[in-house]
2 protein chains.
Amino acid sequence: MTARSTSETARDIPEATVARLPVYLRALNTLADDEIRTCSSEDLASAAGVNSAKLRKDLSYLGSYGTRGVGYDVDYLRYQIAREIGVTQDWPVVIVGIGNLGHALANYSGFRSRGFHVVALLDADERRHGEHVAGVLVRPFDDLEAIVAEQGVAIGVIATPAAAAQDVADRMVACGITSVLNFAPTVIAVPDGVDVRKVDLSIELQILAYHEQRKAQL
Amino acid sequence: MTARSTSETARDIPEATVARLPVYLRALNTLADDEIRTCSSEDLASAAGVNSAKLRKDLSYLGSYGTRGVGYDVDYLRYQIAREIGVTQDWPVVIVGIGNLGHALANYSGFRSRGFHVVALLDADERRHGEHVAGVLVRPFDDLEAIVAEQGVAIGVIATPAAAAQDVADRMVACGITSVLNFAPTVIAVPDGVDVRKVDLSIELQILAYHEQRKAQL
DNA sequence: AGGAGTTTGTGAACGTGGGAACAAACCGAG
DNA sequence: CTCGGTTTGTTCCCACGTTCACAAACTCCT
């Protein structure tokens, strides 16, 4: 245990663990839907597609929420993980770029049900303004600052073509957004303190192609 | 260097490197579009958003394609990476599930331009059959086996609701598909020898929410 | 031809993550 | 209350990935 910083609850959860917590949460929700009240690390691990040692270690970073000899209470653990991730509160999100992908994102029900709320859809193309997608009005990109300020938005989603992505990111950062989810197929640069995660469909396919090619060589 | 297997070219590229090669390739394409012929590891690294030592180590797994004191020839390196990943050939791909996301995927131009070719769109809902999306006919899911056999498809994309994903994966695996890209928000199980990569929009947002929450605590 | 300047390729140190294995803790039966 | 069975929480060790730092190799200028 190293020198702890100013904060009282100085938990330092490894990044790899953080990335798996949402998977555990989803698996717990499925168990709860089936009215299962208690589960062992083995049960949950197989539902989440990991091995049980890793699951127990991951959960141990949150605290000791299990009971030896018994397992975990599904509802209790579910709440604890949700609280740790921060999805007990509701997060307002803006989506920029209402092309095919933006449409799909706006309509994605998984956002709403997991603590995220699309408060605005923005697009630079004025021919799209006034249109409603998933019940939300498409507005000019220049409304970004006002919306972010009014609604206290911290998370922005970029679904524009690659050429526009960096400009959009700059504008987002300038008006106070500190987390960006980037679907545009390009690397975007942001200052320290801003988190970016990227999702790139063609990169995933290329990784598969690499392994596929290797299989074919045998 | 451990005991090398049967294959002649027994290159063993680390997984983390494989995941970055497509990023380098994209950066090189951008440089080539700007008619830049040569670049240093520093140039390419900053275009790809990594540090130069990591980039050089990654490239060193492919071979020595640079020139000390000079840098890398853009076109030559581009070809070498493309060959290593396997995107000099064209990969046929089937997409199952033509909802909002399936539409977006079918229309995504980044596939075609990077060596992937959507040969079929499949959906279980017969009301969608006969429809054309991005110039490709939507066909019954039961046509899967015939299409895979005819076209030699090795890569399948799942864009269905979570409830259907495992069944789709099973059918894909049964008819010979060995690489799966899963967009459904659920864990799918496949036998050894089949690669699965998953893309989950809400998980990415939850990871951002976690970090956002931590920032807010300071 | 030689030296100064530049850039690659790589060895070595360091940090993070994964998995086996086991002690600690709990339950229930008798 | 004790004992056997079960499951968690944690420790230890190994593998993988990242970064630093530097020798090797190349170009260009004089």
Side-chain angles (χ1 to χ4, degrees), chain A residues 1-3 11-24 27-28 31 36-78 80-81 84 207 210-211, chain B residues 1-3 11-24 27-28 31 36-78 80-81 84 187 192 207 210-211:
Chain A
M1 199 169 291
T2 54
R11 298 242 187 70
D12 209 29
I13 301 182
E15 197 52 39
T17 296
V18 171
R20 281 187 294 267
L21 289 178
V23 180
Y24 301 155
L28 285 166
L31 293 177
I36 294 168
R37 298 295 192 76
T38 297
C39 68
S40 68
S41 63
E42 202 74 49
D43 297 337
L44 185 53
S46 79
V50 303
N51 83 31
S52 63
K54 181 157 40 178
L55 177 117
R56 289 199 300 277
K57 185 180 278 193
D58 284 341
L59 295 185
S60 76
Y61 291 115
L62 311 190
S64 286
Y65 296 136
T67 308
R68 301 179 188 213
V70 178
Y72 300 93
D73 182 282
V74 171
D75 271 335
Y76 183 57
L77 184 57
R78 190 161 61 140
Q80 292 298 341
I81 293 178
E84 192 70 41
I207 295 169
Y210 170 80
H211 292 293
Chain B
M1 197 169 293
T2 54
R11 298 241 190 70
D12 209 30
I13 300 182
E15 197 52 37
T17 298
V18 171
R20 282 187 294 266
L21 290 178
V23 180
Y24 302 155
L28 285 166
L31 293 176
I36 294 169
R37 299 297 193 77
T38 296
C39 68
S40 68
S41 63
E42 203 73 48
D43 297 337
L44 184 52
S46 79
V50 301
N51 82 32
S52 64
K54 182 157 34 180
L55 179 118
R56 289 198 301 277
K57 177 151 281 194
D58 283 341
L59 294 185
S60 77
Y61 292 115
L62 311 189
S64 285
Y65 296 135
T67 308
R68 299 178 190 215
V70 179
Y72 300 93
D73 182 282
V74 171
D75 271 336
Y76 182 58
L77 185 57
R78 189 160 63 136
Q80 292 297 341
I81 293 178
E84 192 69 41
V187 175
D192 282 358
I207 294 169
Y210 169 80
H211 292 294

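Not measured: the values here are computed from a predicted model. Naming convention: chains lettered A, B, ... in sequence-line order (proteins, then strands); numbering from 1 in each chain. Just so it is clear, the values below take in all heavy atoms, side chains as well, and ignore hydrogens, waters and symmetry mates.
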Problem - Under the ring pair (Phe, Tyr, Trp, His ring centres under 6.0 Å) test, residues paired with B:Tyr65 that sit two or more places apart - result: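 Ring pair (Phe, Tyr, Trp, His ring centres under 6.0 Å) list for B:Tyr65, sorted by chain: B:Tyr76.
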Problem - Evaluation steps, side chain to side chain contact (heavy atoms under 4.5 Å, CB included), between B:Arg78 and B:Leu31 - result: CA-CA 10 Å; B:Arg78 189 160 63 136; B:Leu31 293 176; over 6 Å; no
Practice task
Name all pairs fulfilling the salt bridge (charged side-chain N to carboxylate O under 4.0 Å, His left out) condition that reach into residues 36-53 of chain A, sequence neighbours left out, sorted by first residue then second.
Solution key: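 Every pair satisfying salt bridge (charged side-chain N to carboxylate O under 4.0 Å, His left out) with a residue in residues 36-53 of chain A: there are none.
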Practice task
Can you run down the salt bridge (charged side-chain N to carboxylate O under 4.0 Å, His left out) pairs that involve residues 57-66 of chain A, sequence neighbours left out, and say none if there aren't any?
Solution key: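 Only A:Arg20-A:Asp58 qualify under salt bridge (charged side-chain N to carboxylate O under 4.0 Å, His left out).
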Exercise for the section: Show your reasoning for whether side chain to side chain contact (heavy atoms under 4.5 Å, CB included) applies to B:Leu77 and B:Leu59. Expected result: CA-CA 9 Å; B:Leu77 185 57; B:Leu59 294 185; 3.9 Å; yes
Gap between atoms [atom1] and [atom2], on [X] and [N] respectively (whole Å):
X	N	atom1	atom2	result
B:Leu62	C:dT10	CG	P	12 Å
B:Asp58	C:dT10	CG	P	13 Å
B:Leu77	C:dT8	CG	P	11 Å
B:Tyr61	C:dT10	OH	P	10 Å
A:Asp12	C:dT16	CG	C1'	12 Å
B:Lys57	C:dA13	NZ	C1'	11 Å

Practice task
Name the first nucleotide and the last nucleotide along DNA chain D (5' to 3') that come under 4.0 Å of a heavy atom in chain A.
Solution key: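 So the contact region on DNA chain D extends D:dT6 to D:dC12.
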Exercise for the section: Please list, chain by chain and in numerical order, all residues satisfying salt bridge (charged side-chain N to carboxylate O under 4.0 Å, His left out) with A:Arg56, sequence neighbours excluded. Expected result: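 None.
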Handout entry: Residues that B:Asp73 engages under salt bridge (charged side-chain N to carboxylate O under 4.0 Å, His left out), provided they are two or more places apart
Key =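 If we apply the salt bridge (charged side-chain N to carboxylate O under 4.0 Å, His left out) test to B:Asp73, skipping adjacent residues, there are no hits.
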Exercise for the section: Would you jot down, in residue-number order, the residues of residues 36-55 of chain B having a non-hydrogen atom under 4.0 Å from DNA chain D? Expected result: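 Those residues are B:Asn51, B:Ala53, B:Lys54.
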Practice task
Could you note down all residue pairs passing ring-ring contact (aromatic ring centres under 6.0 Å, His included) where residues 40-63 of chain B supplies at least one of them, sequence neighbours left out?
Solution key: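 Qualifying pairs: none.
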Exercise for the section: Any chance you could list the contact pattern along nucleotides 22-30 of chain C? Use B for base contacts, S for sugar-phosphate-only contacts and - for none, protein heavy atoms under 4.0 Å, 5' to 3'. Expected result: --BBBS---
Problem - Pairing residues for B:Ala47 by the side chain to side chain contact (heavy atoms under 4.5 Å, CB included) criterion, not counting sequence neighbours - result: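 Testing B:Ala47 for side chain to side chain contact (heavy atoms under 4.5 Å, CB included), a comparison that skips the adjacent residues, returns B:Ala27.
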Exercise for the section: With sequence neighbours excluded, tell me which residues meet side chain to side chain donor-acceptor pair (under 3.5 Å) with A:Ser46. Expected result: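 So A:Ser46 forms no side chain to side chain donor-acceptor pair (under 3.5 Å) with any residue.
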Problem - Residue list, side chain to side chain donor-acceptor pair (under 3.5 Å) with B:Asn51, at least two apart or on another chain - result: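 So B:Asn51 forms no side chain to side chain donor-acceptor pair (under 3.5 Å) with any residue.
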